Amino acid sequence: MKKKLVLIDGNSIAYRAFFALPLLNNDKGVHTNAVYGFTTMLQKIMTDEKPTHILVAFDAGKTTFRHKTYGEYKGGRQKTPPELSEQFPYIRELLDAYQIPRYELENYEADDIIGTLSLQAEKDGYEVKIISGDKDLTQLSSETTTVGITRKGITDIEMYTPEHIMEKWEITPDRIIDMKGLMGDSSDNIPGVPGVGEKTAIKLLKQFGTIEKLLDSIDEVSGKKLKEKLEENKDQAVMSKELATILREAPVKVTVEELNYEGSDDKKLKEFFKELGFNSLLEKMGETVEEEQDLQDVSFEILTEINDGHLKEDSSLYIEVMEDNYFNGEIVGISMRNQSGNYFFTLETALSSKAFKEWAADESIKKSVYDAKMSIVSLRRQDIKLNGVDFDLLIASYILNPAESADDFASVAKRHGASAIESDEAVYGKGAKRKVPAEEKLAEHLARKANVVYELKSICEESLKENDQYQLFTDLELPLAIILADMEYTGVAVDVDRLKEMKEELANRLDEMEKKIHELAGEVFNINSPKQLGVVLFEKLELPVIKKTKTGYSTSADVLEKLQSKHEIVEHILNYRQLGKLQSTYIEGLLKVVHDDGHKVHTRFNQALTQTGRLSSTDPNLQNIPIRLEEGRKIRQAFVPSEKNWLMFAADYSQIELRVLAHIAGDEKLIHAFNEGMDIHTKTAMDVFHVDADSVTSNMRRHAKAVNFGIVYGISDFGLSQSLGITRKEAGEFIQRYLDSYPGVKEYMDDIISEAKQKGFVKTLLQRRRYIPEITSRNFNLRSFAERTAMNTPIQGSAADIIKKAMIDMAERLEKENLQSRLLLQVHDELIFEAPEEEIERLKEIVPDVMENAVELNVPLKVDYSYGPTWYDAK
DNA sequence: TGCACCACGC
DNA sequence: GACGTACGTGGTGCAA
């Protein structure tokens with residue numbers, strides 16, 4: 001077996017882990033995030049690399065021989081946070097438990113130890129892998145040595161071979177020190193040459209080879225300023241190179257042979273994980289983790305008969321359905337908590353209790369629940385009506401902070417300081433092992449849940465009021481939950497026969513296309529496998545590689561489009577992809593979720609998920625049914641009214657986000673444009689390109705539309721450049737010109753960012769919040785992302801608020817006017833109804849009326865509508 | 001079972 | 001210069 005040495009840069013990985021993960025604590029208050037990250041990284045290395053020899057190198061002390069060369073080396077560096085320092089002893093303990101040798105050397109850095117040992121190992125015929133978070137180490141890459149640098153997080157490692165370095169920087173590994181010498185390294189305080197960054201450094205090295213050769217032929221450097229800088233900083237460049245050079249003959253006292261790895265001391269390792277509270281890692285080692293037993297005893301009663309004495313005002317009611325799709329799973333238990341006690345009972349008990357059913361249906365008796373929509377629907381499937389819900393812990397938690405509201409009861413409970421509760425996973429198990437436990441155990445768990453809801457009601461209400469979000473909760477989201485429950489329960493009728501026809505036809509076409517593609521490729525392969533497709537396109541057919549993914553060649557649509565002219569096969573693949581998507585996701589996917597009784601699908605809207613306040617839809621997702629391409633749009637022919645002589649009626653807001661922007665920003669030009677009913681993309685083109693309406697070309701309008709799109713979705717210059725197929729610079733200029741054209745918008749963007757910085761969150765028209773802590777990050781990417789989020793969320797979120805309000809008003813109006821028409825779906829800016837023919841004329845009046853007047857803005861809201869026998873025809 | 005890639009909507 | 005860049009859901013392939 002080939003010998004393989006893994007060398008790990010301990011300090012660097014510890015740093016990476018520390019900053020990549022949130023500050024975890026174990027129960028003794030010791031910070032453990034760096035140790036945890038280090039462990040997961042180590043485990044990944046061990047399984048991926050299976051080293052025969054291994055060592056972790058650490059930096060020793062503060063000063064090294066490099067300080068003699070340059071006193072300021074690593075100067076100005078933030079000192080190691082104490083939260084990290086305190087974790088180093090644990091990392092050492094971890095390595096000892098793994099029986100992995102560690103090493104540090106006075107006066108030298110970990111880099112030098114690694115450099116020295118890797119050289120020795122290469123000579124002795126080892127394959128070497130180096131793992132670090134510091135790109136400097138890539139200079140050690142060679143035929144036999146690969147350098148892995150952690151990318152985002154800690155377990156995502158980018159491997160640097162000489163080929164990869166060549167691809168990325170267009171230089172050989174031994175020139176990396178020259179690159180560093182020229183561009184410097186702010187984190188190590190290596191000065192380099194001012195004004196020279198990565199791009200310039202690479203350009204110079206490609207031309208001259210090394211720093212020394214460059215300085216010899218300095219007259220040949222193009223660019224006066226650059227030449228001056230180089231001349232001025234000659235010595236500094238040479239010194240910087242020296243500082244960046246890893247020493248390969250440090251006086252290391254261990255030999256490679258001594259580093260052979262014989263496996264971990266599992267007993268020690270388990271003890272260590274236990275001490276630090278790494279339960280998930282313990283479980284991986286096959287240990288059962290006993291529950292934290294600070295669970296308080298809960299006294300409850302299992303009811304076999306429910307009577308008036310148990311049923312009180314202000315109860316919490318908890319319904320448990322095991323499957324997350326409550327249209328498939330049945331209720332496995334119900335619990336209740338109120339002044340008279342804490343109870344558990346089965347569905348059968350509930351069904352046989354007239355008192356319970358009346359109590360549940362009584363609007364005037366107030367109940368608190370966790371997930372009102374789920375509770376209402378799952379009870380309604382049993383013919384039990386649930387009314388009078390005035391508190392929903394799931395929604396309250398979501399409103400208080402949409403980022404943290406994982407749909408997981410135990411974590412919501414913990415977050416708001418409720419008494420401890422076991423996780424569902426601990427009680428029910430997971431995956432294939434998931435099952436309903438014995439009744440006593442289930443009863444206890446559910447009793448605790450009802451208890452938590454009961455406890456948290458007033459606490460959450462208080463917090464909502466403090467945030468000025470109580471109205472959002474009671475007047476918007478809670479009533480909406482009831483409407484969504486109705487929509488879901490009603491479901492949408494599907495023309496199954498039509499779908500099956502389409503399936504048949506598509507299957508034939510796909511077969512033919514598959515044959516054609518295989519023929520053109522000269523071999524049979526799986527077109528759906530990006531991996532196999534990549535080999536065919538880029539190796540066998542030798543098409544140019546446009547883009548790579550981290551696992552291979554990219555074969556995405558935008559890449560294939562660029563290759564269309566190069567080979568006939570490409571177009572066929574694009575068509576195959578398009579139809580394949582329709583077949584698998586929309587036709588087969590939809591057929592899979594049609595309920596046998598009545599040919600309906602019952603999507604579930606997740607009301608507590610998105611960061612902006614939008615809804616999402618699953619099983620099936622009815623918010624992404626094709627519309628753009630005719631071929632796909634035909635899918636909509638399969639969505640039909642559920643009753644004879646009814647029609648589908650669809651109404652959508654026109655440009656709601658841009659209208660919201662005009663309102664929030666108070667931009668006069670934009671407001672004027674909407675007041676005048678102008679075509680907003682044409683108007684934007686006029687303002688951005690400084691032309692009059694007649695001179696706007698279709699290309700100008702397309703660009704303007706993309707910019708508007710970018711504003712609405714908060715995309716970056718990069719994103720805009722991708723969608724328009726232009727350079728990033730051009731895209732940036734477009735955005736700049738847009739902001740120059742609409743000074744009100746510019747001002748809004750600036751203000752909202754500073755508001756986000758100051759408060760830590762942004763909010764929508766109806767007081768929905770999104771917290772954006774990254775807005776103060778020193779990391780450019782995180783901060784930029786946060787800034788775009790700050791600008792975009794009030795726009796998208798307010799639009800979401802408005803349509804939610806419209807849905808509530810609409811339900812009220814339909815009820816008031818005694819109409820049979822039903823709201824079926826919401827697709828972000830669109831509402832879809834089914835309606836008796838004779839009500840269509842009425843809907844044409846009231847739907848736009850209600851939607852356009854859901855809120856009052858300083859621009860008009862505009863709604864378009866249409867109707868027909870299928871969703872397809874309602875266009 | 002989990003991740004990577006791709007593609008659909010707004 | 002920063003290396004990753006609206007938000008969702010779902011399908012298939014593939015390695016573990």
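In what follows, every chain begins at residue 1, and chains take the letters A, B, ... in the order their sequences are listed. Given the structure is predicted, the values throughout are model-derived calculations rather than measurements.
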Donor-acceptor pair between Glu198(A) and Trp169(A) side chains, under 3.5 angstrom: yes

Heavy-atom side-chain contact between Leu205(A) and Met179(A) under 4.5 Å: yes

Pairing residues for Lys168(A) by the side chain to side chain contact (heavy atoms under 4.5 Å, CB included) criterion, not counting sequence neighbours: Glu158(A), Tyr160(A), His164(A)

Sugar-phosphate, base or nothing in reach of Lys199(A), heavy atoms under 4.0 Å: nothing

Cation-aromatic face contact Arg604(A)/Tyr326(A), 6.0 Å, 45 degrees: yes

Name of the residue among Arg175(A), Lys199(A), Lys203(A), Lys206(A) meeting salt bridge (Lys or Arg N to Asp or Glu O under 4.0 Å) with Glu170(A): Lys206(A)

Distance in angstrom units between Arg783(A) CZ and dT5(C) C1', rounded: 14 Å

Gln607(A) CD to dG8(C) P, straight-line distance once rounded to whole Å: 15 Å

Closest-nucleotide 5' rank along DNA chain C - winner of Gly197(A) and Asn781(A): Gly197(A)

Six-ring centre of Phe718(A), Arg728(A) cation under 6.0 angstrom, axis tolerance 45°: no

Nearest-angstrom distance from the residue atom CG of Leu591(A) to C1' of dG11(C): 15 Å

Lys135(A) vs Lys592(A), nearer the 5' end of DNA chain C by closest nucleotide: Lys135(A)

Nearest-angstrom distance from the residue atom CZ of Phe605(A) to P of dG8(C): 16 Å

Rounded P spacing from dC6(B) to dA2(C) in Å: 25 Å

Between P of dC7(C) and CZ of Phe709(A), the distance in whole Å: 12 Å

Touch class at under 4.0 angstrom, heavy-atom based, for Phe718(A) against every strand present: base

Spacing of Lys168(A) atom NZ relative to dG1(C) atom C1', expressed in whole Å: 14 Å

Donor + acceptor pair across side chains of Ser132(A), Asp134(A) (<3.5 Å): no

Separation between CG of Leu765(A) and CD1 of Ile795(A), rounded to the nearest 0.5 Å: 11.0 Å

For Ile45(A), side chain to side chain contact (heavy atoms under 4.5 Å, CB included) partners two or more places apart: Val6(A), Met41(A), Glu49(A), Ile131(A), Ile157(A)

Sugar-phosphate, base or nothing in reach of Ser617(A), heavy atoms under 4.0 Å: sugar-phosphate

Carboxylate-amine/guanidinium proximity below 4.0 Å for Arg783(A) and Glu774(A): no

Short side-chain N/O contact from Gln532(A) to OP1 or OP2 of dC14(C), under 4.0 Å: yes

Polar contact flag, side-chain donor to acceptor under 3.5 angstrom, Ser554(A)-Thr549(A): no

Touch class at under 4.0 angstrom, heavy-atom based, for Asn526(A) against every strand present: sugar-phosphate

Whole-angstrom distance between dA6(C) and dC8(B), as gauged at atom C1': 15 Å

Pairing of Asp801(A) and Lys804(A) as salt bridge, 4.0 angstrom limit: no

Closest nucleotide among dG8(C), dA6(C), dT12(C) to the Asn528(A) side chain: dT12(C)

Only pairs under 3.5 Å count here: list side-chain donor-acceptor contacts from residues 578-585 of chain A, not counting sequence neighbours, and write none if there are none.
residue	atom	partner	partner atom	Å
Gln583(A)	NE2	Lys503(A)	O	3.1
Ser584(A)	OG	Gly580(A)	O	3.0

C1' spacing across the pair dA7(B) / dG1(C), given as an integer number of angstrom: 34 Å

Sugar-phosphate only, base, or nothing, as touched by Asp717(A) at under 4.0 Å among non-hydrogen atoms: nothing

Sugar-phosphate, base or nothing in reach of Gln611(A), heavy atoms under 4.0 Å: sugar-phosphate

Touch class at under 4.0 angstrom, heavy-atom based, for Ser784(A) against every strand present: nothing

Residues from residues 573-587 of chain A lying under 4.0 Å of DNA chain C - heavy atoms: Lys581(A), Ser584(A), Thr585(A)

Any donor-acceptor N/O pair under 3.5 Å between dG4(C) base and Arg728(A) side chain: yes

Dot-bracket encoding of pairs in DNA chain C, which uses [ ] for pseudoknotted crossings and | for another strand, Watson-Crick or G-U under 3.5 angstrom: ......|||||||||.

Spacing of His828(A) atom NE2 relative to dC7(C) atom P, expressed in whole Å: 13 Å

Distance, rounded to the nearest Å, where Ile527(A) contributes CD1 and dG13(C) contributes P: 11 Å

Touch class at under 4.0 angstrom, heavy-atom based, for Thr612(A) against every strand present: nothing

P gap between dC5(B) and dT5(C), integer Å: 12 Å

Range on DNA chain B touched by chain A, heavy atoms, distance below 4.0 Å: dT1(B) to dC10(B)

Sugar-phosphate only, base, or nothing, as touched by Thr789(A) at under 4.0 Å among non-hydrogen atoms: nothing

Test item: side-chain donor near acceptor, Tyr771(A) and Glu404(A), under 3.5 Å: no

